[in-house]
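Because the structure is predicted, anything quoted here is derived from the model rather than measured. Below, chains carry the letters A, B, ... as their sequence lines are ordered, and counting in each starts from 1.
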Amino acid sequence: MSIEGQVRIPSGCAITSVFSKSGENISGRLVVDSIATMHERSNGLGGGFAGYGIYPQYKDLYAFHIFYDTLAARQACEAFIDRHFDVVNLSKIPVRKHPNIIDEPLIWRYFLTPLPTKLKDSQLDESEFTKRCVIRINDSIEGAYVFSSGKNMGVFKAVGYPEDVGDFYRLEDYEGYCWTAHGRYPTNTPGWWGGAHPFALLGYSIVHNGEISSYDANRRFIEMYGYRCNLQTDTEVITYIVDFLHRRRGLTLAEVASVIAAPFWTTIATKPAEEREKLTYLRNTFASLLITGPFSILLGFDGGIMALNDRLKLRSMVVGERGDRVYIASEECAIRVMEPDLEKLWAPRGGEPVIVRLNAGAQGR
Amino acid sequence: MPKDYIYPEFEIVRNEGRCTVCRRCEEQCANRAHAFDAATSRMTAEDARCVDCHRCVAMCPAHALKIVQSSHTFRPGANWTRDAITDIHRQAGSGGALLTSMGTPKDYPVYWDKLLINASQVTNPSIDPLREPMETKVFLGQKHTHIQRDESGRICTELHPQITLATPILFSAMSYGSLSYNAHESLARAAQELGICYNSGEGGLHEDLYHYGPNTIVQVASGRFGVHPGYLKAGAAIEIKMGQGAKPGIGGHLPAEKVMGDVSRTRMIPQGTEAISPAPHHDIYSIEDLRQLVYTLKEATDYKKPIIVKIAAVHNISAIASGVARSGADIIAIDGFRGGTGAAPARIRDNVGIPIELALASVDARLREEGIRGSISIIAGGSIRNSADVVRAIALGADAVYIATGALLAMGCHLCRSCHLGRCNWGIATQLPELVSRLDPEEGKRRLVNLITAWTYEIKEMMGGMGINSIEALKGNRLMLRGIGLTQKELDILGVLHAGE
Ligand code: SF4
Ligand code: SF4
């Protein structure tokens, strides 16, 4: 059977998240309990988490989490890493044996920073250099797969039900200001860990529920800009789109939202002149990055989170708030289990981004 | 000379029981195939004059007429077919090239018919275009993704000049001269009502049609007929015609008898002269020269109009397109070899060039490989027959499509392939006033508007089926296509999987 990347596998899903605006430390356990309530939305074929603010001791270093199929893959990849980065710390990611989590690859973690000479020669900025190295490894080193590459954040994912994946990675040992989680319902069984979600690149991580109908239009456009959609998943292409628009083209997140879930032309026509011109410009310029079909995504980024639904709102997504905490999930039950006593609960409209950021001066920044 | 006698291809069959001898067929047929025989008080027919345009059939009040293909036959053979034999007889008699019109009738593969379209089931909902918004608006022009902001951080929204289309279909170039004034006016009125564009073709723009400018593409071809600064500024865009799918590598020819009155004035050439556009542009012998013409036209129009470069689909199309994309042009129009023509040498039309499907797929892929797909929009033409062909063309990578034969059919053309004779009984490809008046521009417009409205609705239905609610998400979305009965090589060029994969 073909693995993820050799074929395109649609899937349904569950997503959930918690965010502390004041940067309080939240245990990974909380979000594991949350995603567990939506057990029925997954089918045991993929689960994962992203935590932000979890590596304060190395917050200025890139944290690479890598799956290796073989020792040879690890050696090849480490040789590549040594040629391009200064590795400050490396270790296996600690895991706990779990009866439902099997066939685990080798799972390693590296804290590193680009070698100054290499970086200078490349004439790229640090993030672009690092991104290209990640894409190089994933594209060309057989059996090695970087599944997390941001600073002060990390992705943990596996084939299994998400709550089992959380146990396996001992997420109760991590604390951060933001967690997102994903349970997957793919429509066949690739059984490959890299195919689980979140998908992450540098500080961006995406969990997504839906199946986008614009996939190949989006993929073929973004691949013009140096990205390789090896996994053929929606989440991968959406992450690259966000990286391209937000990091490389410098659009704000709200502008990114108005590209990928662009307002209808009839809506644009009702806006004041300046707004209308801007929306028309963005929609025209980035026409091929419009995403159609059902999606609800949670985009984690350094210092914040953005939730976005497709413009017809073809997937459920609700937001709850209490105090400095914001909760966003596919279903309300996943929020209630984290905070039964909410001050606010609402369903954002299709195409309307919900952007939450750390307060100024909050720790974890 | 009896050797040259060729038995007519069509026979006019009159049902004598129904015929009331009203003589309408006689009056309607500009080829004078029908006549009244005073001696017998019956109608007679001269089959050899019939071009199979169906004008008499449609106009006969008694439905007494039909045209049938003659059963007269040579000794059957797969190699020396009727056409192969009669072509030789004709040329041995005349010593000339064989002239014809409209798209090739030859049995080449039509890849559109081998591409199947997707629909959503279960994992992804289809969308009902009657209940949900479904968007077909497109902009054609260069799109560069570098964002510039002013001091206050506002995005500078200035773009390269664009054409806006309410639906991704344009009427492609058909010159005034080859077409009648009424046909041109029908196209102009329809384009205006539909929010799309028609194309003047290479014969200039009749002064009465200038007010349709925002819906007009003005063409500059190698003959430069009717080109002056006012003309260039009149349209929404300017098209440089480098080639035409039906006759790659050769220019155009409007016979002297059509160059009369307004046609001669609009073309800015003397009455009764042959209007011959040379095979190449004599100021374009290479790609740098094209760049100069592109910028000359931009200078002449203050950089306000997008420049389209139209090329025929030939073997090296993707390399040529890559050059065009770097020439400063805003839009490239690719014309496949099944495209129509008002007159072309049959041997060229039937043998030179490649199908639009393969040309489009390889150009789109090549421009993406080079990372310059955003520098140019693509219009695909050359036998788009229905809305499913439009969907397929866009999924292969086109921004919009050009239609011409389809538009003529909508106005009443019956595809008799005799446009070059100048006696179009439907008032379309003729300059004879009594024939031109048969096409009412308002009626022509109404039928064109109906056609494009119907297609647009069908496009929306197919998009909705795929779970796509905006045309831009269909563009280049080749996963929405699957090949059927194609070889691996064909699939690779088209960039699609086989059905079942
Ligand atoms: S138009 Fe019909 S009815 Fe009239 S003369 Fe001709 S064949 Fe007879
Ligand atoms: S336009 Fe007129 S002459 Fe040309 S094919 Fe159509 S019906 Fe015949």
Is it true that the side chains of A/H208 and A/T235 contain a donor and an acceptor less than 3.5 Å apart? no
Please classify the contact between A/E223 and chain B as side chain, backbone, both or neither, with a heavy-atom cut-off of under 4.5 Å. neither
I need the residue from B/H144, B/K137, B/E369 with the largest number of non-hydrogen atom pairs under 4.5 Å to chain A. B/K137
Determine whether the side chains of A/Y204 and A/H246 contain a donor N or O and an acceptor N or O closer than 3.5 Å. yes
Tell me whether A/K131 forms a cation-pi arrangement with A/Y227, defined as NZ or CZ under 6.0 Å from the six-membered ring centre and within 45 degrees of its axis. yes
Would you indicate whether the side-chain heavy atoms of B/L170 and B/V401 approach each other to under 4.5 Å? no
With a 4.5 angstrom heavy-atom cut-off, which part of A/F221 approaches chain B: side chain, backbone, both or neither? both
Does A/D310 reach the main-chain N or O of A/L314 with its side chain, forming a donor-acceptor pair under 3.5 Å? yes
Among A/N284, A/T280, A/L312, which residue has the highest count of heavy-atom pairs closer than 4.5 Å to chain B? A/N284
Honestly, the part of B/Q162 sitting under 4.5 Å from a heavy atom of chain A is side chain
If we define contacts as heavy-atom pairs under 4.5 Å, which of B/E501, B/R154, B/E132, B/Q142 has the most with chain A? B/R154
Any luck finding a side-chain donor-acceptor pair between A/Y281 and A/E277 under 3.5 Å? no
Heavy-atom distance under 4.5 Å to chain A: side chain of B/I155, backbone, both or neither? side chain
Measuring only between side-chain heavy atoms, which start at C-beta, is A/V207 closer than 4.5 Å to A/I297? no
With a 3.5 Å cut-off and no angle check, do the side chains of B/Q148 and B/H146 form a donor-acceptor pair? no
Where does B/L497 contact chain A at under 4.5 Å (heavy atoms): side chain, backbone, both or neither? neither
If I measure from the heavy atoms of chain A, does B/I471 come under 4.5 Å with its side chain, its backbone, both, or neither? neither
What option among B/K143, B/R368, B/K475 has the most heavy-atom pairs under 4.5 Å with chain A? B/R368
Which residue out of B/R478, B/E158, B/M466 racks up the most heavy-atom pairs below 4.5 Å with chain A? B/R478
Which residue out of B/G467, B/G495, B/G153, B/S126 racks up the most heavy-atom pairs below 4.5 Å with chain A? B/G467
Using a 6.0 Å distance limit plus a 45 degree cone around the ring axis, check whether A/R311 lies over the aromatic ring of A/F264. yes
One option among A/T266, A/N218, A/L245, A/L251 has the most heavy-atom pairs under 4.5 Å with chain B, and it is A/L251
